[in-house]
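Comments concern the structure below.
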Amino acid sequence: MVSARVLALGLAGLCLGPELGLCQVAPALGGKDDVARRLADLERLISGQQEQLLAQTAQMDLLRSLAPLGGLDGRKLQGSESIESLQGAMNHAWLILCGALVMFMQAGFAMVESGCCRAKNVQNILLKNLTDVCVGTLGWWLCGWAFAYGGPYDDDGLKPNRFMSSEGALGWDFLIRDDATGQLTPTTNIVNWFFQWAFCSAASTIVSGGVAERVNFPGYCIFSFVMTAFIYPVCVGWTWGYGWLADVNSVGYMDFAGSGIVHMAGGVGALTGAVWAGPRKGRWENPEEFDPHSLPLIILGTFILWFGWYGFNCGSTLGMATIERGFMAAQVAMNTTIAGATGGLTVFILKYGLTRKYDIGGFCNGILAGLVSITAGCGNVECGSAFTIALLGGLFYEAGSRLIKKLKIDDPVDAFAVHGVCGAWGVLAAALFDWGKGFDHYHGWSGFSCMTAEDGSCKIGIGGEGVAANIAEIVAITAWVAVCSSLIFGPLRAVGWLRASDDVQDEGFDQAKHSPSKAYANQPESTKVILSA
């Protein structure tokens with residue numbers, strides 16, 4: 001490559017003109033300080049341009065090496081097609097990874113719930129967790145996805161009826177076949193189905209903790225299927241699926257990763273189930289008999305849930321093909337981490353102040369309370385706000401837990417206090433703490449940018465609309481889940497399919513219903529206490 005100095009000398013010679021002549025360029029430059037300085041500046045400019053050209057060439061070589069050799073139809077991909085293909089691959093890899101993390105949260109739920117309950121029911125608790133995933137998968141595949149995301153959509157990208165959609169049942173048209181050639185063309189519905197399935201299963205599993213240790217397995221299976229095939233998908237259809245809550249006012253709701261859509265829905269379902277099933281036999285007469293049987297399992301489950309939460313929240317960027325998405329995922333990860341730590345310490349310190357005892361179980365639920373609280377606003381609040389949201393979330397959790405116990409509602413794992421109460425608080429906090437300038441500007445789904453008017457300027461005075469939209473979300477989802485869950489749990493209780501008999505509860509589900517009859521090899525056999533006359 002020609003050096004910058006040679007190019008500079010040549011250009012200088014041309015610019016000096018016939019008076020000096022090309023052969024007299026060097027002497028002329030040596031004799032005139034001003035011309036020499038200009039020549040040096042020109043040399044630096046040309047050198048910089050050469051460096052930029054080399055860097056751009058290296059970037060293009062890298063893109064060519066990373067781009068696939070050909071398309072699905074055998075064509076060689078070039079130019080913008082290669083970049084678009086690379087971005088699509090990055091988005092798919094990101095969603096599959098994050099979806100797998102969310103699915104792994106099922107192990108965390110299983111550990112926390114089984115640890116919170118008595119050893120004689122561990123297998124039955126784990127059975128319900130397994131069932132939530134498997135039955136929930138079929139419900140989501142059969143019609144859940146179709147109700148939530150299937151379309152059709154109008155010209156504004158919203159559901160025409162604003163309630164639920166209908167296309168895409170059983171994965172229909174996820175692969176589009178060309179009738180003439182027989183070739184198949186995949187759609188992004190496939191990866192989106194997988195990622196959103198993990199969220200659906202999580203919402204259903206939350207309910208299992210609230211009805212643990214006294215609900216029959218067949219009756220619970222019925223509820224699990226209805227929850228994943230209909231109740232939860234309609235909540236999604238109103239919100240992430242571009243239903244009426246997305247268009248409720250000029251701002252729309254803001255629930256980035258699902259404090260309300262997933263956690264509050266599951267928490268309200270757990271509360272409804274706990275009310276219909278009634279308390280476990282002897283729960284309020286002999287409370288000391290219902291202490292958690294394994295704190296190590298609870299702590300292990302809490303760490304697994306915290307780990308999976310990064311897929312839950314960060315994955316809700318729904319892609320990783322641009323630096324803007326990367327910045328957002330990093331902000332979400334930071335907010336999530338701060339919130340989990342703050343919520344745990346808040347509850348731990350509060351319980352120590354009240355009892356002068358270290359409560360590890362409360363510490364774990366405080367961590368989960370902080371994580372639930374930040375899930376809605378993790379993409380539109382600053383890290384200081386995340387700290388405040390989680391701190392208040394820990395206080396709301398403790399208040400909710402105490403209220404439920406005072407009302408004699410038996411929630412073995414505090415599912416409603418953690419997911420229901422903190423889920424509602426998280427939705428409200430996402431609007432209250434939005435990182436827009438004061439209450440004049442509102443960002444919501446716009447990320448780092450404000451919501452703009454038609455002329456490109458930031459809309460002002462819309463913070464109140466954001467709060468109103470999120471309150472509408474809280475009320476609507478709470479009412480929907482409570483009513484629909486009651487329509488399932490009520491008839492199941494009436495026909496005797498919901499609540500287990502007192503004999504089974506005394507003996508333990510594992511002894512009465514499972515083979516082997518105990519979860520641990522060194523666990524003593526359960527015995528029934530028979531009172532003599």
Side-chain angles (χ1 to χ4, degrees), residues 202-203 206 210 235 239 245 253-271 305-306 309 312-313 316 332 335-351 362 364-405 407 409 411 413-435 439 444 463-464 466-482:
I206 291 169
C235 295
T239 51
L245 281 169
Y253 80 101
M254 174 59 192
D255 192 349
F256 189 82
S259 285
I261 301 166
V262 180
H263 293 282
M264 188 180 70
V268 171
L271 176 66
L305 287 170
W306 194 344
W309 228 287
F312 206 100
N313 286 2
S316 292
V332 168
N335 286 344
T336 301
T337 305
I338 292 172
T342 303
L345 288 170
T346 298
V347 175
F348 178 72
I349 294 171
L350 177 61
K351 284 186 174 290
C364 290
N365 270 347
I367 291 172
L368 300 181
L371 293 170
V372 171
S373 298
I374 198 58
T375 296
C378 57
N380 71 312
V381 303
E382 297 169 330
C383 56
S385 297
F387 170 83
T388 305
I389 291 170
L391 188 151
L392 294 174
L395 299 179
F396 284 132
Y397 155 73
E398 183 65 19
S401 177
R402 288 175 176 270
L403 176 61
I404 290 298
K405 291 181 174 65
L407 295 174
I409 298 174
D411 185 349
V413 301
D414 269 344
F416 176 70
V418 170
H419 300 278
V421 174
C422 293
W425 161 241
V427 173
L428 184 61
L432 291 174
F433 289 86
D434 182 270
W435 54 19
F439 277 96
V467 174
N470 277 24
I471 290 175
E473 178 192 345
I474 295 170
V475 174
I477 291 178
T478 298
W480 171 257
V481 175

Q | Residue pairs fulfilling side-chain hydrogen bond (donor to acceptor under 3.5 Å, both in side chains) with at least one residue in residues 335-350, sequence neighbours excluded | A | Tyr310-Thr337, Asn313-Thr336, Gln331-Asn335
Q: Please identify each residue that fulfils side chain to side chain donor-acceptor pair (under 3.5 Å) with Tyr253, with sequence neighbours left out.
A: none
Q. Could you go step by step and tell me if Val332 and Phe256 meet the side-chain contact (heavy atoms from CB on, under 4.5 Å) rule?
A. CA-CA 10 Å; Val332 168; Phe256 189 82; 3.9 Å; yes
(Q) I'd like to know if the side chain of Thr239 and the backbone of Cys235 have a donor-acceptor N/O pair within less than 3.5 Å. (A) yes
**Q.** Qualifying residue, where the test is side chain to side chain contact (heavy atoms under 4.5 Å, CB included) with Val418 and the options are Leu371, Val372, Val413, Asp411
**A.** Val372
Can you give the donor-acceptor pairs under 3.5 Å from side chains of residues 377-389 to other protein atoms, not counting sequence neighbours?
unit_1, atom_1, unit_2, atom_2, d
Asn380, ND2, Ala430, O, 3.0
Asn380, ND2, Asp434, OD2, 2.8
Thr388, OG1, Gly384, O, 3.2

**Q.** Non-neighbouring partners of Trp425 that pass side chain to side chain donor-acceptor pair (under 3.5 Å), sequence neighbours left out
**A.** none
Q: With sequence neighbours excluded, tell me which residues meet side chain to side chain donor-acceptor pair (under 3.5 Å) with Asn365.
A: Tyr397
Q) Would you call Leu368 and Leu305 a side-chain contact if the rule is heavy atoms closer than 4.5 Å? A) yes
Q. Ile474 pairs by side chain to side chain contact (heavy atoms under 4.5 Å, CB included) with which of Ile477, Asn470, Thr478?
A. Thr478
Q) Does Ala257 offer a backbone N or O that forms a donor-acceptor pair with the side chain of Ser316 under 3.5 Å? A) no
What pairs of donor and acceptor atoms, side-chain ones from residues 260-271 against any protein atom, are under 3.5 angstrom apart with sequence neighbours left out?
unit_1, atom_1, unit_2, atom_2, d
His263, ND1, His419, ND1, 3.0

Q | Contact summary for Ala339 and Ala390, nearest pair of heavy atoms | A | O-CB, 3.3 Å
Q. Between Ala369 and Cys422, which heavy-atom pair has the shortest distance, and what is it?
A. CB-SG, 3.6 Å
